[in-house]
Amino acid sequence: RLDHFVSAMLKKRISLVFLTVLSVVTVVILVVGNPFTVAPNAPAPPSAAEPILTPDDPVSARKTAVPPVNLQERIQALQNPPPLTPEQIEDDKQVEKEQVGAALWQLNASDATQRIEGAEQLGAYPTREAEAALAQVLSSDSEADVRSAAAQSLGYVKNPSDATLTALLGALEDQNDDVGLKALWTLQGFLVRSEERSVRYKKILTGLKASADSRITPQTTREAIQDILEDQMGSAP
C-alpha cells in the first residue's frame, strides 16, 4: 500500500508541474504574441542554396535587377541605325579604297587562284573602278574560273554600265557552262530590278533573245535563257 500511495503522489505532482508550465506558456502567448510565427515584414531566412552576400562580396556575385527589353524598340533600332559620323564615313572610304586596290593588284597576278580571290573581293566593294575591272576580266581572262568569279561579282553592282551589260551578254556564248550560267544569273538579277520600259531592261531582253538563237551559245545556256524568256513573257501584261 505504501508503494501505491507514493506512486499516486508522484503522478499528481507531475501533473501539477505540467499544468503550471502550460499556464505560463499560455499567458506569454496572450501578452507577448506567438514567438514561433514570422512577422509579416520580416525577411525570409536564407536557404542553403542561396548564400548570404555582404557588401564586401564581388559585384559579379550579387543579383542585379535586369530591366525588361522592349522588343519593338529593339527592332526599330536595328532597322534605323544611327547615322555615321563624318569620321566614320571617311574611315569607311579609306578601307574601301585599300581593299579595292589590293583586289585590283590580285587581278593582275600570274596565279589564277589570286585572280579569283581578287574578283571575289571586288564583289564586296562594287565601285565603278571595280566594275570596269571585273567586266574586263570577264571578257579576256584565260582561266574559266576567273571569268566565272568575275561574272558572279558583277551581280553586286547596283547600276551596271552599258560596258558591263555588253560583257555579260557576250559571256553567254562562253564555251564554259559555268561562266555562261553565272553571267546569265547576273543578267537575270539586273532584269528583275529594272523597269520594264527602261533602256537597260530592253537591252538585256534583246541580248538574251539573240543569245538564245545563236548557235555559238552552248546548249545548257540556251535552255536556261529560254526558261527566263518564258517567265518574262508569262509575267508581261
Side-chain angles (χ1 to χ4, degrees), residues 96-196 198-236:
E96 180 180 278
K97 182 178 180 180
E98 292 174 357
Q99 292 295 328
V100 170
L104 290 174
W105 179 86
Q106 285 183 298
L107 282 183
N108 294 319
S110 58
D111 182 36
T113 301
Q114 289 191 10
R115 298 203 303 277
I116 293 172
E117 292 177 355
E120 292 175 346
Q121 180 68 10
L122 289 178
Y125 300 94
T127 63
R128 283 301 181 188
E129 184 180 13
E131 178 188 357
L134 288 171
Q136 178 64 32
V137 167
L138 177 60
S139 301
S140 61
D141 198 279
S142 59
E143 293 291 334
D145 289 342
V146 180
R147 300 196 302 275
S148 178
Q152 184 171 356
S153 291
L154 283 171
Y156 294 99
V157 176
K158 291 184 178 180
N159 298 304
S161 64
D162 287 341
T164 295
L165 296 179
T166 299
L168 287 167
L169 290 170
L172 296 177
E173 297 180 352
D174 197 298
Q175 296 308 299
N176 183 279
D177 288 341
D178 189 58
V179 176
L181 291 176
K182 289 288 179 58
L184 178 60
W185 293 335
T186 294
L187 287 167
Q188 183 183 18
F190 293 154
L191 196 65
V192 171
R193 299 196 298 268
S194 301
E195 295 289 338
E196 291 189 1
S198 65
V199 175
R200 180 192 304 167
Y201 183 90
K202 293 178 180 180
K203 180 173 182 177
I204 295 174
L205 201 61
T206 300
L208 291 179
K209 291 177 180 179
S211 296
D213 295 334
S214 175
R215 295 183 178 180
I216 300 176
T217 305
Q219 181 67 25
T220 302
T221 305
R222 285 207 309 270
E223 292 175 356
I225 294 174
Q226 288 293 348
D227 291 339
I228 293 176
L229 291 175
E230 290 175 4
D231 290 340
Q232 290 298 317
M233 296 303 179
S235 61

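No side-chain heavy atom of I228 sits less than 4.5 Å from a side-chain heavy atom of L187. Contact check for V157 versus T164: no side-chain heavy atoms found under the 4.5 Å cut-off. Within the 4.5 Å cutoff, no side-chain heavy atoms of W185 are placed close to those of Q152. Residues K158 and P126 fail the side-chain proximity criterion, which asks for heavy atoms closer than 4.5 Å.
For the atom pair CZ (R193) and CD (Q188), the distance works out to 10.5 Å, reported to the nearest 0.5 Å. Annotation: the span from L154 atom CG to L134 atom CG amounts to 4.5 Å, rounded to 0.5 Å. How far OH of Y125 is from CG of L104: 13.0 Å, rounded to the nearest 0.5 Å. Annotation: the span from S198 atom OG to I204 atom CD1 amounts to 7.5 Å, rounded to 0.5 Å. Distance check, rounded to the nearest 0.5 Å: OG of S194 to NZ of K202 gives 12.5 Å. How far NZ of K182 is from CG of L168: 13.0 Å, rounded to the nearest 0.5 Å.
Scanning both residues, V146 and A112, for their nearest heavy atoms gives CG2-O, 3.8 Å. Across every non-hydrogen atom of A133 and L122, the tightest pair is CB-CD1, 4.5 Å. Heavy-atom minimum distance, S110 versus R115: O-NH1, 3.1 Å. Nearest heavy-atom pair, S161 versus R128, reported as atom, atom and distance to 0.1 Å: N-NH1, 3.7 Å. Of all non-hydrogen atoms in Y201 and Q232, the two that sit nearest each other are OH-OE1, 2.8 Å. Taking both residues in full, the closest heavy atoms of G118 and A103 are given as O-CB, 3.6 Å, listed atom of the first, atom of the second, then distance.
Between E96 and T127, the side chains place no donor N or O within less than 3.5 Å of an acceptor N or O (distance only, hydrogens not considered). Side-chain contact annotation: K203 with T166, donor-acceptor N/O pair under 3.5 Å present. If you check the side chains of Q219 and E223, you find a donor sitting under 3.5 Å from an acceptor.
Not a single donor-acceptor pair under 3.5 Å links the side chain of E129 to the backbone N or O of V100. Looking only at distances, no side-chain donor or acceptor of S148 sits under 3.5 Å from a matching main-chain atom of A144. At least one donor-acceptor pair closer than 3.5 Å links the side chain of T186 to the backbone N or O of A151. In this structure a side-chain-to-backbone donor-acceptor pair under 3.5 Å is present from Q175 to I216. With hydrogens and angles disregarded, no donor-acceptor distance shorter than 3.5 Å links the side chain of S139 to the backbone of A167. Counting only distance, with no hydrogens or angles, the side chain of T217 and the backbone of S211 share a donor-acceptor pair below 3.5 Å.
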Given L208 and L184, is the side chain to side chain contact (heavy atoms under 4.5 Å, CB included) satisfied, shown in steps?
CA-CA 9 Å; L208 291 179; L184 178 60; 3.6 Å; yes
Go through the steps for E196 and L205 under the test side chain to side chain contact (heavy atoms under 4.5 Å, CB included), then give the verdict.
CA-CA 10 Å; E196 291 189 1; L205 201 61; over 6 Å; no
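If you run salt bridge (charged side-chain N to carboxylate O under 4.0 Å, His left out) between R147 and each of D174, D177, D178, only D174 comes through.
The pair K209-D213 does not meet the salt-bridge criterion, since no charged nitrogen lies less than 4.0 angstrom from a carboxylate oxygen.
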